[in-house]
Amino acid sequence: MDPTETGHNYDALAAWWLAQMQDSTYGVAALERALTFVEEGREALDVGCGCEGRFFRALMERHFHCTGLDISGEMIALAARRYPQAVLEVGDICSWRLPQRYDVITAWDSTFHLPLDRQESVLQKLCEGLSRRGVLLFTCGGGEERGSVRGEFGGKSFEYSSLGVPEFARLLWRFGCAIQHMEYDQYPENHVYMIAKKR
Ligand SMILES: C[S@@+](CC[C@H](N)C(=O)[O-])C[C@H]1O[C@@H](n2cnc3c(N)ncnc32)[C@H](O)[C@@H]1O
């Protein structure tokens with residue numbers, strides 16, 4: 001599924017997403033775990049940040065300067081009203097050029113929407129976008145094989161793709177990162193988060 005189409009779907013869902021996620025702490029424990037691996041620096045990038053911003057809040061409380069990227073203009077418009085202190089950009093992570101390196105990069109339930117053939121190049125981009133000893137947190141499908149599936153969410157059809165856990169782990173190492181933590185955080189759901197650190 002083309003990322004532009006994903007963005008249009010999230011444009012239509014943005015207000016609903018904000019209402020659904022009010023007061024949510026989903027993924028924040030994983031972020032807090034990731035932050036324990038950060039040694040220095042206070043620049044953070046949230047890829048596919050959406051509009052609700054619980055990651056921004058947790059990061060800002062710890063004095064991070066936050067940048068958010070999302071392919072949905074509606075998501076970013078809502079986020080901009082809520083977090084005027086953040087740098088917020090509309091863009092597709094497949095083509096977006098990181099303007100700098102970041103001490104923390106998060107991609108929570110966002111890069112799993114990428115077309116399968118963009119997974120590797122985006123993972124490389126995120127690893128290369130980390131500063132020295134920087135930390136990456138992302139979610140992916142927890143299977144062992146590469147593949148894509150279609151699923152319904154909020155009344156819209158989305159594509160989800162994964163390279164499989166072994167391949168993500170191999171690529172992280174190839175792109176200069178070492179896994180610090182990996183967890184099936186919604187077991188028995190096929191959902192994994194990984195924390196990796198630049199070697
Ligand atoms: C399930 S929502 C998660 C939002 C946020 N990370 C959260 O957990 O609240 C997925 C988000 O990823 C964004 N997204 C999907 N594909 C993207 C891409 N190629 N580039 C940038 N953002 C993307 C969507 O627009 C959407 O806001």
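Both ligands and their constituent atoms are indexed starting at 1 by order of listing. Being a predicted model, the structure only gives us computed values, none of them experimental.
Using a 4.5 Å heavy-atom threshold, the side chains of Asn9 and Phe158 count as touching. Two residues are said to be in side-chain contact when any heavy atoms from C-beta on lie closer than 4.5 Å; Arg133 and Lys197 meet this criterion.
The nearest heavy-atom contact from the protein to atom 1 (C) of ligand 1 is Tyr10 OH, 3.1 Å. For atom 20 (N) of ligand 1, the closest non-hydrogen atom on the protein side is Ile93 N, 3.1 Å. For atom 15 (C) of ligand 1, the nearest non-hydrogen atom of the protein is Thr6 CG2, 3.8 Å. Regarding atom 12 (O) of ligand 1, its nearest protein heavy-atom neighbour is Ser110 CB, 3.3 Å.
Nearest to atom 23 (C) of ligand 1 by heavy-atom distance, out of Asn9, Ile71, Leu13, is Ile71. When Gly73, Gly50, Gly48 are ranked by how near their heavy atoms come to atom 6 (N) of ligand 1, first place goes to Gly48.
Near Gly91, the atoms of ligand 1 lying under 4.0 angstrom from a non-hydrogen atom of the residue are 20 (N), 21 (C). Counting the atoms of ligand 1 from 1 in the order shown, those under 4.0 Å from a heavy atom of Asp92 are 18 (C), 19 (N), 20 (N). Interface of Asp109 with ligand 1, defined as ligand atoms under 4.0 Å from a residue heavy atom, comprises 1 (C), 2 (S), 3 (C), 10 (C). Listed by number with element, the atoms of ligand 1 under 4.0 angstrom from any heavy atom of Met75 are 27 (O). Within the listing of ligand 1, atoms 19 (N) sit less than 4.0 angstrom from a heavy atom of Leu114. Near Ser72, the atoms of ligand 1 lying under 4.0 angstrom from a non-hydrogen atom of the residue are 25 (O).
Every N/O-N/O distance between Cys94 and ligand 1 stays at or above 3.5 Å. Geometrically, ligand 1 and Trp108 share a nitrogen or oxygen pair separated by less than 3.5 Å.
Residue-level proximity to ligand 1 for Arg54 is carried by the side chain, the only part with a heavy atom below 4.0 angstrom. Counting heavy atoms under 4.0 Å from ligand 1, residue Ala107 does not touch it at all. When heavy-atom distances to ligand 1 are checked against a 4.0 Å cut-off, Asp70 comes that close through both its backbone and its side chain. With a 4.0 Å cut-off on non-hydrogen atoms, Trp17 touches ligand 1 through its side chain and not its backbone.
Residues Leu163 and Trp108 do not share a hydrophobic cluster, defined by chaining ILVMFWY side chains whose heavy atoms lie under 4.5 Å apart.
Listed for the Glu167 side chain is no donor-acceptor partner under 3.5 Å among the backbone atoms of Arg146.
A centroid separation of less than 6.0 Å is found between the aromatic rings of Trp16 and Phe153. The aromatic ring centres of Tyr10 and His113 sit less than 6.0 Å apart.
Ion pairing between Arg174 and Glu120 holds under the 4.0 Å rule for side-chain N and carboxylate O. Ion pairing between Lys198 and Glu39 fails under the 4.0 Å rule for side-chain N and carboxylate O.
Atom CD of Glu189 has 12 or fewer heavy atoms from other residues, nucleotides or ligands within 6.0 Å. Summarising the local packing, CZ of Arg150 is surrounded by more than 12 heavy atoms from other residues, nucleotides or ligands at distances under 6.0 Å.
His191 and Phe112 have perpendicular rings, their planes meeting at more than 60° on a 0 to 90° scale where under 30° would count as parallel.
In this structure, Cys49 is part of the shell of residues with a heavy atom less than 4.0 angstrom from ligand 1.
In summary, the side chains of Ser131 and Glu43 do not present any donor paired with an acceptor at a separation below 3.5 Å, with no hydrogens or angles considered.
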